[in-house]
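To start, the structure under review is shown below, and the notes come after it.
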Amino acid sequence: MQQCLDLAIKGLGKTKSNPLVGSVIVHNNQIIGQGYHQEYGQAHAEVNAIESVVDQALLKDSTLYVNLEPCSHYGKTPPCANLIVKNKIPRVVIGALDTFSEVNGKGIELLRNAGIEVITDVLLPECRHLNRRFYTFQEQKRPYVILKWAQSLDGFMDKNRSENEKNIFWITQPEAKKLTHRWRAEEMAILVGRKTVEVDNPSLTVREYPGDHPIRIVLDADNKLQKKYKLFNNEAETIHLTKSDLSSFSLENILVYLHGKGINSILVEGGKNTLEQFINHHLWDEARVLTGNIALSEGLKAPDLKMKPTEEYFFGLDQVSIFFSTKSVELKSLIGNKEK
C-alpha cells in the first residue's frame, strides 16, 4: 500500500480535480505490475497497473492493491471495478473509501458481488492524507485551502512602505522561488486580494518549476482593479471575483462558488488582510510559512496562527513551517490513527 502511495504522489498537480491513485499487482509475493493516474482524463491507476503485467494469465491468481476504492461509474474513462472483474483478479486490497457520490462504496459492492475478496482501510490515515484535497472537496463541498506567506525572523511580512512604493519586497532567498512555484504547480488555483495586486503586481504563474500555471483568483469586491496588471494577461486563466458575481461577498460563498467551478484546492498567497480573513473564519486547512534569514524590526506584522507547526525544515537559509488546521480532513485522520 505504501508503494501505491509513492506511485500516486507522482500525479500531484497533473490530475486536477481527480484523486491521486497508485496501484500495485502482486503474484506469489512478487510485484508483477504497477501504475498510477498520470494525468486528468487519462487512464486510471488500476488500468495502467493491469496493462503493465507482461503475463496476463497471472492476473487470475494475483492481488491488486490500490490506495482508493476503484471507481464504478463512467466518467472520463470506463469503471475500473468492471476491469478488475473482467480480468478475474480474485483479491483486492483498498486503502480508503472513495466518498464521491457516484462511487462511495459502490465499487467495493460491485467487486464483492462478483465474488472478489476485498480488504479495506489499509493505511487509511495515510491514504486520506494523500488525497486531502479530494476529500475536502467531496465532503466539505469546498476547495482545500492552503495559506502561504513569507515573514522575517521577527515576524514581519513586509517593510514599512511609502504611499507610492510598489513591487515585491523579498524576505526569502532567491532559491525559495523554486519551492513556492512548485507549490503553485501542485494546486488548481492561487488566490490573492486586490491590494496585493496593486502593490506587488504579481504574475502568479509557474516559472521556476516545470508544471501548469494555476488558475489565478483575485478578490476585488468593489471592482476597483484596472486591467493593466500582470494578473490580467493571457499567461493563465484568471477569475476576477467582485460583488456582482455573488449574492454575498463572504468567504463561505466564495468557496462555494469555486467548488462549483470544480476547483479542489487553492493556494492563498496574500495579502495580510486576505490571509487573516481565512484564519479568523476558520476556513483554512494547511498553512506554509517561509521565515527568511533577516530581521526588519518594524513593518507589516505577519499573521499569527497561535499554534505550533506540525513540521519544520530548512530550504537553503529559509525555514519552512507547515501547519494543519484542527478542522482539516487530514488532521482528523491522523488523530484517529493515533487513538487506535
Side-chain angles (χ1 to χ4, degrees), residues 13 143 145-152 155-245 249 251 254 257-258 261 263 265-279 284 287-292 294 296 298-303 315 318:
V145 177
I146 303 170
L147 310 180
K148 176 258 167 183
W149 70 86
Q151 64 184 27
S152 63
F156 294 95
M157 64 186 301
D158 200 358
K159 63 180 181 178
N160 285 328
R161 293 175 179 260
S162 62
E163 191 175 333
N164 296 318
E165 195 174 356
K166 306 292 184 185
N167 297 321
I168 299 170
F169 173 67
W170 293 103
I171 291 174
T172 52
Q173 300 297 309
E175 60 263 28
K177 261 190 183 182
K178 292 181 180 178
L179 178 62
T180 56
H181 284 209
R182 189 192 88 192
W183 288 345
R184 289 178 181 180
E186 291 173 349
E187 309 309 328
M188 278 195 72
I190 183 169
L191 182 147
V192 295
R194 172 180 58 83
K195 287 185 179 178
T196 295
V197 176
E198 291 175 338
V199 173
D200 294 344
N201 191 18
S203 296
L204 302 183
T205 54
V206 176
R207 303 178 301 281
E208 304 279 338
Y209 187 84
D212 294 335
H213 299 312
I215 298 168
R216 302 176 293 193
I217 303 164
V218 59
L219 304 184
D220 179 22
D222 298 316
N223 199 12
K224 291 182 177 180
L225 281 177
Q226 301 174 32
K227 302 300 181 183
K228 65 180 180 180
Y229 296 102
K230 294 176 184 176
L231 198 71
F232 298 110
N233 61 26
N234 295 321
E235 281 190 87
E237 180 184 348
T238 297
I239 297 175
H240 181 201
L241 276 177
T242 67
K243 284 179 180 175
S244 63
D245 298 305
F249 203 76
L251 285 186
I254 288 166
Y257 176 85
L258 296 177
K261 292 281 188 183
I263 295 172
S265 67
I266 55 173
L267 183 66
V268 182
E269 285 208 12
K272 175 183 168 73
N273 180 60
T274 301
L275 289 163
E276 289 186 338
Q277 286 289 316
F278 278 95
I279 294 167
W284 65 282
R288 301 171 183 177
V289 181
L290 288 157
T291 302
I294 62 169
L296 294 179
E298 59 180 11
L300 184 67
K301 264 290 186 184
F315 191 85
D318 302 313

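The first residue of the sequence shown is numbered 1, and numbering continues consecutively from there. All figures in this text were calculated on a predicted structure; none of them were measured in a lab. Side chains are part of it too, since the values below use all heavy atoms of this structure and drop only hydrogens, waters and symmetry mates.
Across Pro303 and Ile279, no two heavy atoms sit closer than the pair CB-CD1, 3.7 Å. Across Trp284 and Phe278, no two heavy atoms sit closer than the pair CD1-O, 3.7 Å.
Listed by chain and residue number, nothing satisfies the salt bridge (charged side-chain N to carboxylate O under 4.0 Å, His left out) test with Asp318 (two or more places apart in sequence, or in another chain). With sequence neighbours left out, Asp200 forms a side chain to side chain donor-acceptor pair (under 3.5 Å) with no residue at all.
The backbone N or O of Ile146 sits nowhere less than 3.5 Å from a side-chain atom of Arg288 that would complete a donor-acceptor pair. Here the side chain of Arg216 pairs a donor or acceptor atom with the backbone of Leu231 at under 3.5 angstrom. No donor-acceptor distance shorter than 3.5 angstrom exists from the side chain of His213 to the backbone of Thr205, with no hydrogens or angles considered. With hydrogens and angles disregarded, a donor-acceptor distance shorter than 3.5 Å links the side chain of Lys272 to the backbone of Lys301. Panel note: side chain Asn223, backbone Lys243; no donor-acceptor pair is recorded below 3.5 Å. In this structure, Thr172 contributes its side chain and Gly292 its backbone to no donor-acceptor pair below 3.5 Å. Counting only distance, with no hydrogens or angles, the side chain of Asn233 and the backbone of Glu235 share a donor-acceptor pair below 3.5 Å.
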Assess whether side-chain contact (heavy atoms from CB on, under 4.5 Å) is satisfied between Leu219 and Phe249, documenting all intermediate values.
CA-CA 9 Å; Leu219 304 184; Phe249 203 76; 4.2 Å; yes
Using the side-chain contact (heavy atoms from CB on, under 4.5 Å) rule, take Leu290 and Lys148 through it: C-alpha gap first, then chi angles, then the decisive distance, then the call.
CA-CA 8 Å; Leu290 288 157; Lys148 176 258 167 183; 4.0 Å; yes
